[in-house]
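All heavy atoms count here, side chains included; hydrogens, waters and symmetry mates do not. Note on naming: letters A, B, ... go to the chains in the order of the sequence lines (proteins, then strands), and numbering restarts at 1 for each one.
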Amino acid sequence: MTTPSTPSWQDILDLVTQLDDGSFASATVEFRDVSVRVSRSADATAPAAPSALAPQVPQPTATVVAPPAATAVTTVPVVAAASPVAPVSTGTLVTAPIIGVFYRSPTPGAAPFVEPGATVTADTTIGIIEVMKLMNPVSAGSAGFLKEFLVADNAQIEFGQPLAVIIEDTSS
Amino acid sequence: MTTPSTPSWQDILDLVTQLDDGSFASATVEFRDVSVRVSRSADATAPAAPSALAPQVPQPTATVVAPPAATAVTTVPVVAAASPVAPVSTGTLVTAPIIGVFYRSPTPGAAPFVEPGATVTADTTIGIIEVMKLMNPVSAGSAGFLKEFLVADNAQIEFGQPLAVIIEDTSS
Amino acid sequence: MTNAPEGKIPVVLVANRGEIAVRIVAAARRIGASPVLAASAADADSLAARLADRVIIIGPAQAGKSYLRPEYVAEAAVHAGADVVHAGYGFLSEQPELAELLEAQNIAFAGPRPETLRAVGDKTSARRVAVAAGVPVAVATEIDDPSFAAALGDALGYPLLIKAVHGGGGRGIRLVHNSAELAELAPQAAAEAQAAFGNGALYLERFYPAARHVEVQVFGDGEGGVQVFGDRDCSVQRRHQKLIEECPAPGLSKARRLVLHDASRALVKALRYRGAGTVEFLVDTESDDVVFLEMNARIQVEHPVTEEAFGIDLVAAQLRLALGLDPQLPDVPAVPSVVAIEVRINAEDPDNDFRPNPGLITHVDWPRGPGIRVDTHVESGYRFPPFYDSLMAKLIVRACSRTAAVEALRSAADAVRIEGVKTTLPLHDFVLSHPDFIRGGVSTTWFAPAWEHRNSLIKEVAQ
Amino acid sequence: MTNAPEGKIPVVLVANRGEIAVRIVAAARRIGASPVLAASAADADSLAARLADRVIIIGPAQAGKSYLRPEYVAEAAVHAGADVVHAGYGFLSEQPELAELLEAQNIAFAGPRPETLRAVGDKTSARRVAVAAGVPVAVATEIDDPSFAAALGDALGYPLLIKAVHGGGGRGIRLVHNSAELAELAPQAAAEAQAAFGNGALYLERFYPAARHVEVQVFGDGEGGVQVFGDRDCSVQRRHQKLIEECPAPGLSKARRLVLHDASRALVKALRYRGAGTVEFLVDTESDDVVFLEMNARIQVEHPVTEEAFGIDLVAAQLRLALGLDPQLPDVPAVPSVVAIEVRINAEDPDNDFRPNPGLITHVDWPRGPGIRVDTHVESGYRFPPFYDSLMAKLIVRACSRTAAVEALRSAADAVRIEGVKTTLPLHDFVLSHPDFIRGGVSTTWFAPAWEHRNSLIKEVAQ
């Protein structure tokens, strides 16, 4: 039996948008197991102990990935607290366009397509995902430099799972 | 299954909108397991201890009576919003100590025990409740004047139902 | 019996709480009636209250000032414009006073006539009716002279109990295993009875150290007509509290089942019994003896196993009969084609001598799947009250064989999640996995030592 | 087939969504296995996702990029360490590609062998297998020369359909009622078929204007062993979509039932069929004809009525068999001792030509009570997605007779509360109250005109 009106992630985003559009200096919203606190100054929002995401339903989310993104690239402008996989980070996430096994090199033993810190264009291949023997290249999706990989080489990954962070080239 | 009177997420959003449209410098709203705090300055949102764990089980029905009072007298210091029966009023409620039929007179056609506006002591009988042919007197419970009856003569009443309002004699 | 006027939706007053109130509300819906709940102030927010069309608060939380008061319930029935009152089990369900108050108001009572309630409500009178109807009862003989006790005992057979005629509450009871023991203890018992109760009169009763509790579900039309809906085994008990029940009783021979069913039929016929009832027996595992215990003149906690096994709705049938309608119960075979087993999940701490454990149930998840039924009033966020009994839920599983049912019930019990209070689920895990229970047919004395043994093993491991 | 290593808890990958995913999770729990859900991103928060031990997102919301991709599901099965994959119904459940990919990974598929899926997946090949097994099929005759059509038609019997051999999608089909009509229309049909399909070849097929849809539930051991679990009537249909199903099919003669069951048994034996399957027939109400339609090589939406009627768990049996275990299904009589009926509650607007009606379900309340089963993934606050089919819930009721079951289902359907979206509940209220349905045995052509009639009456009243 569920939590009739437990807000979805989209609801949370809507709320944050609304709060942001509003004129609040800070705000705290708690609803069931959800709490949202925002502030216009950098200090006030230190989330006290009762952390936001304590799902009361046996949420199997350990493996579930942040926003069910339809595109492979998601912009993460603020704290990405939703996914246990995604670290707190700014930048642009490259997410898996497909389920499979992620490889950083074209063949075992070969050099990786790119190393962290490397400059990439939107079309730069940063890895491949193998699904049932079929290889699918993954490109960076935006230009900038590749800050870090979020999954290990050879890792089983799901659709939508964050793979790497690109710091976009804002000068261009 | 659901909680008719637990606010939905939409209710929360509406609330936030309303608060933002308002001229509050800060606001805290807590209801059941819900709390909303907003502020125009950066200080006020320190999340108080995770708010009261009132059971989220819904409150029933139109016929149910205010606080399940064990005693027949309930003080209503502020707006009595809980009961659909009790009007917004200050004073002390005389509630039914028993289920039955409420009579304002000792016998049909006789004069009422008291009329609204009359002065009463704690022991003044203000009516009787008949339950299966047994008569149970109801006393005012506190001294003052009887402001009004909240149920009609001859009405079927439940345990705990507000019967009358006494304005207590504060001079004494 | 009252017939609701043609076209009017009948109103059912539910005069109970907890899971059975929810169950009665469902039965009212089932027959197209409008359920109204008579609740204490503590239950004003309960699931049954929310499912009912209306709630009438009859008194404060204490049952003695609400659920146990016939006049309050009758008053609520009048307020509700009720056509019938269903009192569930416990509380006023077998009180002739309520039935009589309602009769005076021309409101039906979903149960037997008041005189039937009186006839079966008292053990002595129930035994008298049973004997008259040819129902087998426990053999008992009064001892006129303690020095002749051994001869009487030899005629009865051993083991047997020496009881004080004027005793009670288990006091002055002695278990003896043979003639010599009886000869030795009888004078002693007489002397003690004289001292304790002012009267030394004794009687002897056969004692069955390893008997099963088997009961027969009956439904009478009030005019001598009887339908039997199989039997239930309720032998897994702790201090006379049933823990697990099943339908049919496993491993009963055809002959023995016939004795039970025929005796029950005879009793119901003799009483011109109206509605649902249960005839309880001791069924010895060491002899062919079958002994009448008592008749319960109400719907039982464990009625769902019978409903599941036969595909019937006993509570709806009670309401229909009380309203003067056809109860719509089919004739069924003596043994159903499927097996149903129930476990009672109580808010008790099994590791703390089953101490009641009320409180806030922060989260609850009931299992799902075919053949699984959960009768409960408990939901996430429910504050389990300290005022009433500790039954949280009945988990019932139906399957095509007893083996399949035991296994399915174990899986289902394992899938129950209850957070916030301690429950008897560990007990069920223990019983449902125990080879004795899996084999079937344990006696009422089986559970206590088996559980003791389990606890001592756990203690050993911990040390 | 893979045997899970001794002692390891088997992992079941659930490759579906909605109510059937919840159902498969329950079956996994039932056999003590660990359920892992392969879900699209749209279903990451679904009830099945919360009930499973783990969720693996296989693709975006669109089924074409998630649930319909065998390689994604197989990949998820590898990630999950699955021992068996259950694909429910629809999506990949009858796709040999998935079964083959899994076979290559040594993961069991809870369904027939890939070659069986191919054999029965194609109508022509299925008909060939059926004929070989002695299963009655619709009589059809190819017309070599349109001018001889009438003679062939007279031999077949009327009414019949003229169909183009190379036609399809219902095009070029003509209904004729007698010899003269046939003689007149055949040359015309040949000319049109020539024009439309480049080939004028025609054939004649018996047409049954008032036939029922009756299907037989089978379970094969994969080596020629067969168990039959009765029959279901699914004749209440709208545009070939089943709305209401029941077990057993009402009013079938013993002889006719025997034909259906024996034919199904023969077909399953001939295929050495593995697991649960359904053999569908047209059963004419105007003659004794029985005609094979097709075999569905999966668990069906309507499987619960069979489970409820016989007290079995077909989905657990599928999983057990796929894991190399005893499916633990009993032998049952041809006709169950109780009756089960199911209504499908869809998120469709019956007053708007059954337009799909997804959206936020603000509140839902399912009925409770004995014999009531609700298979659903819908809860209060669920946002019913627009991407998939409109099935919200299956409400199943079991009772001791068909009359009792219809009545109980009507009460139960009446007690359903769904707020936020329009549903097909008004349709069920209409059908369950209709004397034709109450009588039992309506044909597949019954619903459409009856519903039309109801709507025109409502319109009249409104004017």
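Of the residues considered (C/Pro367, C/Ala408, C/Ala399), C/Ala408 shows the highest number of contacts with chain D, using heavy-atom pairs under 4.5 Å. Your options are C/Pro370, C/Gly311, C/Gly369, and the one with the most heavy-atom pairs under 4.5 Å with chain D is C/Pro370. Of the listed residues C/Ala26, C/Gly32, C/Cys400, the one with more heavy-atom pairs under 4.5 angstrom with chain D than any other is C/Cys400.
Heavy-atom distances place no part of D/Pro304 under 4.5 Å from chain C, backbone and side chain included. Proximity to chain C is absent for every atom of D/Val332, based on heavy atoms less than 4.5 angstrom apart. Looking at C/Val315, there are no atoms closer than 4.5 Å to chain D (heavy atoms on both sides), in backbone or side chain.
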So which N and O atoms of chain C and chain D form donor-acceptor pairs under 3.5 Å?
unit_1: C/Arg30; atom_1: O; unit_2: D/Ser411; atom_2: OG; d: 2.8
unit_1: C/Arg30; atom_1: NH2; unit_2: D/Ala404; atom_2: O; d: 3.4
unit_1: C/Glu308; atom_1: O; unit_2: D/Arg398; atom_2: NH1; d: 3.3
unit_1: C/Glu308; atom_1: OE1; unit_2: D/Arg398; atom_2: NH2; d: 2.6
unit_1: C/Gly311; atom_1: O; unit_2: D/Cys400; atom_2: N; d: 3.3
unit_1: C/Arg320; atom_1: NH2; unit_2: D/Glu407; atom_2: OE2; d: 3.3
unit_1: C/Ser337; atom_1: OG; unit_2: D/Ser337; atom_2: OG; d: 3.1
unit_1: C/Arg398; atom_1: NH1; unit_2: D/Glu308; atom_2: O; d: 3.3
unit_1: C/Arg398; atom_1: NH2; unit_2: D/Glu308; atom_2: OE1; d: 2.6
unit_1: C/Cys400; atom_1: N; unit_2: D/Gly311; atom_2: O; d: 3.2
unit_1: C/Ala404; atom_1: O; unit_2: D/Arg30; atom_2: NH2; d: 3.3
unit_1: C/Glu407; atom_1: OE2; unit_2: D/Arg320; atom_2: NH2; d: 3.3
unit_1: C/Ser411; atom_1: OG; unit_2: D/Arg30; atom_2: O; d: 2.8

